[in-house]
Amino acid sequence: MEFSGTFELEDTTVDEVWLALSDPVLVQESLPGCTFLLHVEGEEADFDELAEQASELDRELTNDPEVIAQRAFKEGERYAALMQVSVGPVNPTFETVVTIDERDRPRMDASGEGSSGDSSFEMSSSMALSETDDGDGVAVEWETQADVFGKVAGMGQRVINPVANRIVKRFFSSVQEELHDLGVGEVSTSDGDESDGRSLVDRVLGRSKSTDSE
Amino acid sequence: MTVDSLDPDDVDAADILGSAIERREDPALLTGNAEYTDDIQIDGMLHMAVVRSQYGHAKLEGVDTSEAEAMDGVHGVYTYEDLVSDETPGGGSFALPTAWLLDSLKQVEHPVLASDKVRHQGDGIAVVVAEDRYTARDAAGAVDVEYERLDAVVHPSEAFSDDAEQLHDDAEDNVAFDWEIGDAEKTADAFADASHTASIDLDNQLLIANAMEPRAAVADYNPGTDELDVAMTTQNPHVHRLLMAGVLGHPEHKLSVRAPDVGGGFGSKIHHYADEALVAWCSMMHEGPIKWTATRSETYLTDAPGRGHETKAEIAMDDDGNIVGLRVDTMANLGAYLSTFAPAVPTYLYGTLLSGQYDIPAIYGHVKGAFTNVPPVDAYRGAGRPEASFLVERLVHLGAKEMGMDPVEFRKQNFVPDDAFPYETQVAVVYDSGEYTKPMDEALEMLDYENFREEQERARDEGKYLGVGFSCYIEACGLAPSELAGQLGAQAGLWESSLVRMHPSGTVTAYCGTSGHGQGHGTTYAQIVANELGVPYDSVEVVEGDTDEIPQGMGTYGSRSAAVGGSSLVKSAQKVVEKGKEIAAHQLEADPEDIEFENGEYSVAGAPDRSMSMADVAGAAYLAHDIPDEMEPGLEATSFYDPDNFVFPFGTHAAIVEVDPDSGEIEIERYVAVDDVGNQINPKIVEGQIHGGIAQGVGQALYEGAEYDDNATLMTGSMQDYAVPKAEHVPEMETGATVTPSPHNPLGVKGVGEAGTIAAPQAIVNAVADALEPFGVDHIDMPMDAESVWSAVQANATADGGAEPGSDDADHGGER
Amino acid sequence: MTEHDITLTVNGAEHDLTVEARTLLVHALRDELGYTGTNVGCESSLCGACTVRMDGEAVKSCTTLAVQADGAEIRTVEDLGTRHDFHPIQEGFQEEHGLQCGYCTPGMMMTALDILEENPDPTREEIREGLEGNLCRCTGYQNIVNAVQNAAEQMQPAAVADGGETDDDGPTPATDGGEKQ
Amino acid sequence: MFPDEFDYHEATSVSEAIDLMGEHAGAETELLAGGHSLLPAMKSGLSSPDVLIDIGEVEELHGVEVDGDTLSIGAMTTYSDFIAEDVSEEHAPALYHAVRQVGDTQVRNRGTLGGNLAHADPASDLPGAALATDATIVVTGPDGERRVSADDFFFGMYATDIGPDELVTRVEVPSAADAVGAYAKKPSPSSGYAMVGVCVQATVDGGTVTTVRVGANGVMDHGVRLEGVEDELAGESLDEDSIAAAADRASEGLDTAMMMSDLQASAEFREQLVGTYTRRALERVLDRTATPAAAD
């Protein structure tokens, strides 16, 4: 099943939003029901181990591009998330692994799968940022193709669309809030050249050159 | 017209056959004294639950049963490896057979538990045996299965596409069979010469039977005697015994299958499923009683659905409106494996009915069967015949429209004429008897057809859209002459067996190899036997559904019980009468030739005072003090009745509907059914069968459909989402009857179980098409839910620049 | 797992039993107490086969926990009448062939009793609406409606003719074209 | 299937229920009212709470009474008990007509008004009615009572303003003895839930609509007011034309992204139906205005 939408973030820039969405910590904080979101080091994602790791980790939200750069999503890498999706009395917790298939500002593609007991899902998702027409904000166009299996599949048909819409809405509202609270991107985005010819921010932003802007 | 029931005590013995008496099975059912399979309680009984697939199609990478095994109350968890192990009981195939073969059929392996691959969600992966049903279910949930998901296919057209995932290694391109009937060349010529044609593209959706009682089995193995008793929800215990013996490798004579009270079947309890065999195996494994009762969600995943056709078809007419040819190309969904009778349904039960009630000189049908990731598809009430009848009647509706003729006139002109019977069609069957205009005329009178057309005109002017639809159906039932069945691919004879046993006191037990599950056989069979023997109705007890009691049998499906089982009882009873005649002759000191038998009395011709009752003769037979030399004592007879031909019930159903183009809602204003099912043994039971059949046909037309997503996950997996019609969804039905006895059986009966289901859908679809003619809507696929009707109106309004509501555009469409 | 001691009065007989919290009333009745006349047809609270009367009202015993029924009076089909002394509702079903396989029938009758208690002389539409929570796959409902009307007549020998109009927002009922006479 | 195991506690008072919720705050806890939404979800394996707190028998949560200008309905009042009270139809006609169409006979005998509103199934029949009757939902928690207007109560699929430590204790409906109410519903043929349901409560004085509130369920992911319809009718005379004009504005302002779309009906068709069923509900209001006191 496919669903999509556009969410507009006010009073921000594509660079700022891109930076925010590059930060697993900010994404984790903004995703409703997400207990942790961590880079998967080895082949297998062991969720018990990851949970332990998450409890020991001391990561904080920041607006410091240096810090974000350290932990930013990387193309081709896998990330594990423990997500509880709450729909009334139905509250499955999904062990989810997502691969960043493509990360090329202003576009990111990811695919993943998750399971919870006898239920599971597979999804592929993409997101693109653009300046809004009034130039005052950023439009996030997103689309997701998801397949749901097992017990929740029958229920899925009915609830997935509105529930997904609600999760996305809450996610971006939180992102907007965090952007505002942290002042992400307020650090200049054009300082200091690096050895590979890309600025630090360029690297975080996944840009190949520091010249273009939308 | 409603049939009123009679108390059997108020019916004269001579009138018992044909009387609408109350049903003798009802008191037990009405007081809670009935015994359905799940009601059976045996001391020490354990419960089984089945672990089923999370996916429509996947490879099994691993099954971890350890957590389930460790749970309190769990007695065992088994996978395919355990079944086939030398250490465990049984040495059978552990694979389900198909009992109908076709030349081109790919017989794929169907293990009772998946070994390496799951091909539909209902596929079992492991079974759990535990103290109680809750624990068994808990433990099933604790079995951890690792899958590698594969792409799935749901519809035949997808299954045949080039990039489709193949289900079985030995079924290339997912083709299960490729079959044809009729004369392709002759039909091509007819189309080439025809002056008019009409065509249709349609889906006949998958339906789920939804018998109110879910499938269940209780198996009890006795290690001392090696006897394995299975009580189960079955329509045909003897067939299940035969097939299960092979699946388990347990000798047939040590296996007993019994159908307790069965809560409806509609085809879904004919087939041999994995679950019942697994219960039996677990019982051998644990050397004691085990129960399994499907939850409703399991029946949705495992009960064989029916229908599932994608069809392109066309009809050809000459200038005068005579049908000159009919051509059909169908892709049939067979699901993940071949179910018991699956190959017969879209072939011989479908293609042979493509002539409908019409005299069509050239017919060609081509059917390609597809393996897909839905549950194995098989017979559901009507089985093949509803698909044929739907198609023919939709084409006739469109043909009439193409000709600019009234649909009634067009039909009548093309009916097989009364003097043409027995009529041999172009598709390999010979219709026994018929007068097709009779039910049509009666239906027209009940409808007041002429007036309706005027009312329809007036209503359209007011923006109300009424329509009438006809369905002149034919069905072939009473399966079947064994030799013919064998030629067509059946792996069994389709005779029926019975035993009529007089007791010394003159009462009777009649045993029959059919197995009723709501049809009232106890009542109708007693009517038949009481009539033949001339004994009181209450003196006859009927026994069915138990392989230990009844010598042999083939079961109840395909509307065969009265025609084949009933006829077998007649034959057995006649043998009893014949033997009695010799005893009476001996006792009355007359020549057997001179003994007459009437109303239960043997008398000497010309000397009515020299007589003996049936009861006296029975007493004499068992006393055996004075019976003819060489004669064995006792009075009973067994027969194996093999019919000469199918029987061909027919009739006309008509619906009047009002359609609201704004909301897409359809209101059935009237539903008229005139059926000719031959002689009626109990008209009230016949009426009930017709009612119930129509309700399921209405369900198909308007409400029901099994929907799967692209991954073959069932989306309509509960009654919350699959619309089983409720009381308010089924219209009041006006029934009428004509009687054209079948010449092929001693009762002159034709079969009634499926007639309503076969007849109803096209009556309603034709009515809706008639109502929406001003909008240029020719066809809406079933189920015609409100949205599909609304969308069809919208689509046509847009596509045709908006056929004005109210304008009557008779030439519209016809050729699409 | 929590277990609870409960008391159910079934058809006048008091039973003390211990059940798991999750035990459904229908399983307590069938598996623990042997009242197997009440059947289970679905698990989504739609088919109504499991309908019993609890403290005088029709309820779906598969959507009621046994612990919720603690202290309640339950009436099942076993309490209606014997084959020699039918309750009018049983008589109606027998005379009108209001059943075929019989599986839905106990639940159907228990709901019908609710309908008749509320409305002793229901119209055919009212009966159909009242039976919305009971599915039958055999009869097409027409003879069930006849059976309930038949029972209504027996229970109300001096019943007046057709009931009046109702001001109900129920879905438009099916037309009554084939009214039995 | 069967529910997974859980701990069961029966509360005998509101305060006991709140205490029990507090005690089990760490576990997944659900309140059990009539159980007709929760138990099917548990039986299908979709929902597996650790703890159930049964509030169905809490005496103080039962009953319907008129308190000044307010009809006060205990949260655990069953649908059938509500229907049986004369004051229900008299003071809250729109709610009365909606409740009559909930589920089926047996469901109405067990299901409760408070349970329904707390569950907030968008396809249930009551969110629209709560909005149309301007109901106030009273929720009680450790800090006492809170009163939430129906307009602020529902905010998503199965999502309401009830806190994790609170329960719905009462529904208060401003008495609308002069108003007429109607509920027009297209039920799903399978589940009986509303594909679309439109509930209207209006006061018509001398042919003119003086007050009107319209709520809909089944259309969006939560119950919504149909403000276009209200706007169109307010102060107008109620007749065929104004009804048609109002029905045309039924889906005005509804966020199509949050519209329900499922096997039963697409969002596009729901948009069509909400107009049709608004018209039908208003036609019933018109009928009942013409012939008042028609009783069920």
What is the minimum heavy-atom distance between A/Phe121 and A/Phe149, and which atoms define it?
CA-CD1, 4.3 Å
Please classify the contact between D/Met260 and chain A as side chain, backbone, both or neither, with a heavy-atom cut-off of under 4.5 Å.
side chain
Given 3.5 Å as the limit, does a donor-acceptor pair link the side chain of D/Glu227 with the main chain of D/Glu252, or not?
no
Please determine, among A/Gly5, A/Gly117, A/Pro89, the option with the most heavy-atom pairs under 4.5 Å with chain D.
A/Pro89
Pairwise side-chain contact, A/Phe171 with A/Leu21, heavy-atom cut-off 4.5 Å (strictly under)
yes
Polar side-chain atom of D/Glu57 near backbone of D/Glu10 as donor-acceptor pair, under 3.5 Å
no
Chain A heavy atoms under 4.5 Å from D/Leu46: which part of the residue, side chain, backbone, both or neither?
both
Contact class of A/Val163 relative to chain D, heavy atoms under 4.5 angstrom
side chain
